[in-house]
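Here's the structure we're looking at; comments come further down.
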Amino acid sequence: MHHEILLLALPIAVSFLVPLLARRSAAVARWIAFLAYLAALAYTLALFPSVMASARAVIVAGWLPPLGIALFLSPLSLGAVALVYLIAALTALYNLSSPGENKRPEGGRSARGVALQALFVLGGVGMVLTADLFNAFVFLEIAGISAFALVASGRPLQSGRAAAANVPVTSVEKKSAAAADSKTASAEPPAEAAPSAVSTSGSLRYLVAAQTASLFMLLGIGLLYSATGLLTLPSLVSHPALKSSFGLLTALLLLFPVLLETKIVPLNFWVGRAYAGAPAGFAASLSGIGATAAAVLLLRMLSVMGSGSAFAGTAGELRGVLLLLGSLTVLVGETAAFREADLKKVLAWSSAGQMGVVLVGAALPAGEAAAWVLFFLASHAVAKALLFLLAGFFAARAGTNRWKAMKGLGRLHPLAAGMFTVGALSLMGLPLFAGFWGKLGVLRAVFSSGGPAVLAAAAILLGTVAEGVYFLRIAHSLFEAPEAESGTPEAEREAPTVGSGKPARAPVPAGVLLPALILAAAVLLLGLRPSLAMRVIAPAARELVSPDEQYAQKILPSGASR
Amino acid sequence: MVQTALIISASALVLTGLFGVITRRNVIRILLALNLLETGVNLFLVSIGYAPGKEAPIVTARITGPISPFVDPLPQALVLTSIVIGLGTTALALAITLRHYRAARRLTLEETGHAS
Amino acid sequence: MKTRNEILIHLGALLLVAALAVAAGLAVTADEPGLGLLDAGVESRPSARYVFKTVRAAPPEGGAVVEPGGKGYENGAANIVTAVVADYRVLDTLGEVLVLFAAASGVGLLIPIRRRSAGERQASPIVRTAVPLIMFLALITGAYIVLHGHLSPGGGFSGGAVIASAFILRFLAGRRPDPRGKRLLSALESAAGLALLTVGLIGLAVSGTFFAGFMPQGTLGSFASGGILVIVYTLIGIKVAAELSGLSADFVGGK
């Protein structure tokens, strides 16, 4: 019995059940979601032994690919799903404690938010598991639509005092003086806090960009289908080659939405505002789950587009283009992060830079860096989720997203700030932390492949330097002694500091502390004992490097080439 | 022939929609352009399945293989899904626009400033 | 007047679009070895196996035969597109349902609550009189389209949209949606979704794969054909109708 479909059925069930059951209370909805993700994670882990022994396909409705849709369970896909469910569970836990930003008094609307988050998780899980291109498109759309809605639902932060009184206050976002202006806010009945123009405009920008990209993928699917009559990825692996220019066009079109989701230049103009506008818990999901799942799908597609496949004629040019884009993304992402004042935007652009490194590694010929790219991706997912959750907590305490205004929070909450530093150091790639191995591995592979790839290495190194500077700046700000009395030295800002309204040592809620501890522990564990993860990553890398034996042959019925 | 004409019309719609998405300021117009883009892509998919002289894929009389008397049914199934997805996107986008108008009091997105 | 910035963007976009058109045109008409656009002619594509219902088993000698009144096909629906949507590629359709669900949930989550403005005009007598009649027709037509998706063009999505349009007409005629009605629609939507998921899980339990058929395929061309396809599409029709009505109710506002 192909019961593994439950990996998909669980989040679907959550999304349908929650609006029915959680009409009155937001907490019920969030508990259901949290428990469901935990159950899904347990189920995923239980599947590991059998899948590691032999990867297999799960068919739907009894029809075999390529005419039916199949999911592929393998070290790579299952590992990614486990990561997704881990982050989903931890984020759900974080949302349960909801440090001030996400409070919605009305049960009904909250339930919808939880349902949307479940659908986002489903989209991520689905796009990683599926072996069919159009099915991947559908899952990308599910994730996308949920993301647009959740980003748009962000609200302006309330300062500490205001949060206690539950009165919407003027937001302290830059440049949004026209937005949440206090007249509008106070005219609303108290149950409905003001919507945020940053969130809605960020969401609209993201929506238009992502939908255009998805439509390009659909065009690519159409072109591919017209030439080959097929829609499944494994069928393309040993397929007669497309004309080289036609193949290049089709490949680029197909890659558009995954490149956009992984914030690759030039498709990352939406990143800043969308992340700034997103509620903190969802920002963690967007980066930890969304970008990771899209990256895995990207790696899968690139692995199929290698030599010997339908795209044989274009592999070389494609690699060159991707190497260039990856390097540019590293530079653009890290530079943008360097210049940002909003902590969420810093983290978002930093993610873009990291994805650039992933792309550089993936673009290397013969998949030399495959294992290290995967390790890097995993360590990024964990570290970024950690950083976003803590950033949300700090922002709620400080009443603002600007990291300069978070002075002294580290002294009040040394554990939280310490974990933040752990995450930051991991992203920088310091030894002892998870990110070190991945970055080192990718750099080594880049150097050894020589030629123009060396420029990519230069970009990565420059990026690392920039990361060092801006992350240490933020950590410094956190641990700095706060100014005497309240009020930051910048007189023109209304940013209330830590002192206003909140008791001096309000403890970190368990819902923030627990996920952060688990993620930080994961970062340290991966850094100190990478071999634990390599047990799953090594076979996963083999799948990417030999798509014929390790992928196509396990999905398609033998003898079914066309 | 018919198929070439269909593909060319579809391309025209796609390119016009793309131009609109990039250049329009007003959110509603951007969404309209996005709809044009969607329609163009759907039309392209349908035209991929066209075959001259064949009928809609519903069995109303006896058919014998291997020559099929129908146009390709698969692109039609894909387009069915795509149309619904487009509907969902448009509805959501309009709701976000309403919310944006409530928050920002105007129907344009702020200028794409530099990252800051 | 357009600012210089805007003119630059327009020119840039024009150049980009023109460049894309040229590049795509060249790529598609290139004279190189290998496969290109429309190389897989309709007859030779694998999708012909959907038409002749030979996805599972190879076609018999002398070619497969499919005819109305025939029995024992792997899928008994006369409408082949419906067969593809609701049987062969049902996971895509489930995804589609989820997309619509996500969009409707998003609308419900995001739409600002509209206060009922004092001077709203009522619809004209013509509209108010005609709407109940048209609603009646729309509901019947919609139900027919949903139920006959396996025999004629249509199915759950289009039929659901037609049914929803009946309710939209009602809103247009001035009838404001009430909170209880909205809650009912939302509950119906979720219930239909859960029922759909359950059908899939029953298939898993009975026949081993998600959404595997567990009812007889019947006689092609008759109403009772296609196995669980009719159930699936009907549930989808209910869900879509409830969803789209709820969505319009959200837009029309007035709590």
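Chain naming here is simple, since letters A, B, ... match the order of the sequence lines and numbering starts at 1 in each.
Residues of residues 119-130 of chain A placed with any heavy atom under 4.5 Å of a heavy atom in chain C are listed by number as A/L119, A/L122. Taking non-hydrogen atoms and a 4.5 Å limit, the residue list of residues 131-140 of chain A in contact with chain C, ordered by number, reads A/D132, A/F134, A/N135, A/V138. Heavy-atom neighbours of chain A within the stretch residues 192-200 of chain C, taken at a separation under 4.5 angstrom, comprise C/G193, C/L194, C/L197.
The greatest number of non-hydrogen atom pairs below 4.5 Å with chain C, out of A/A61, A/A149, A/G144, is found for A/A61. For the set A/I69, A/T200, A/I142, the count of heavy-atom pairs under 4.5 angstrom toward chain C peaks at A/I69.
If you measure heavy-atom distances from C/I228 to chain A, you find no contacts under 4.5 Å at all.
When each of C/T54, C/V55, C/V84 is tested with A/L67 by the rule side-chain contact (heavy atoms from CB on, under 4.5 Å), just one qualifies, namely C/V55. When each of C/F211, C/Y88, C/F210 is tested with A/W63 by the rule ring-ring contact (aromatic ring centres under 6.0 Å, His included), just one qualifies, namely C/Y88.
Considering only residues two or more places apart in sequence or on other chains, A/I32 meets the side chain to side chain contact (heavy atoms under 4.5 Å, CB included) condition with A/V18, A/L21, A/V28.
Taking every heavy atom of both residues into account, C/L35 and A/P240 meet most closely at CD1-O, 4.0 Å. Taking all atoms of both residues into account, the shortest heavy-atom contact from A/P19 to C/F101 is CG-CZ, 4.3 Å. Smallest separation of non-hydrogen atoms from C/A102 and A/I145: CB-CG2, 3.9 Å.
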Checklist line | Pair C/R89-A/L231, side chain to side chain contact (heavy atoms under 4.5 Å, CB included): steps then yes or no | finding: CA-CA 11 Å; C/R89 293 186 68 97; A/L231 288 176; 3.5 Å; yes
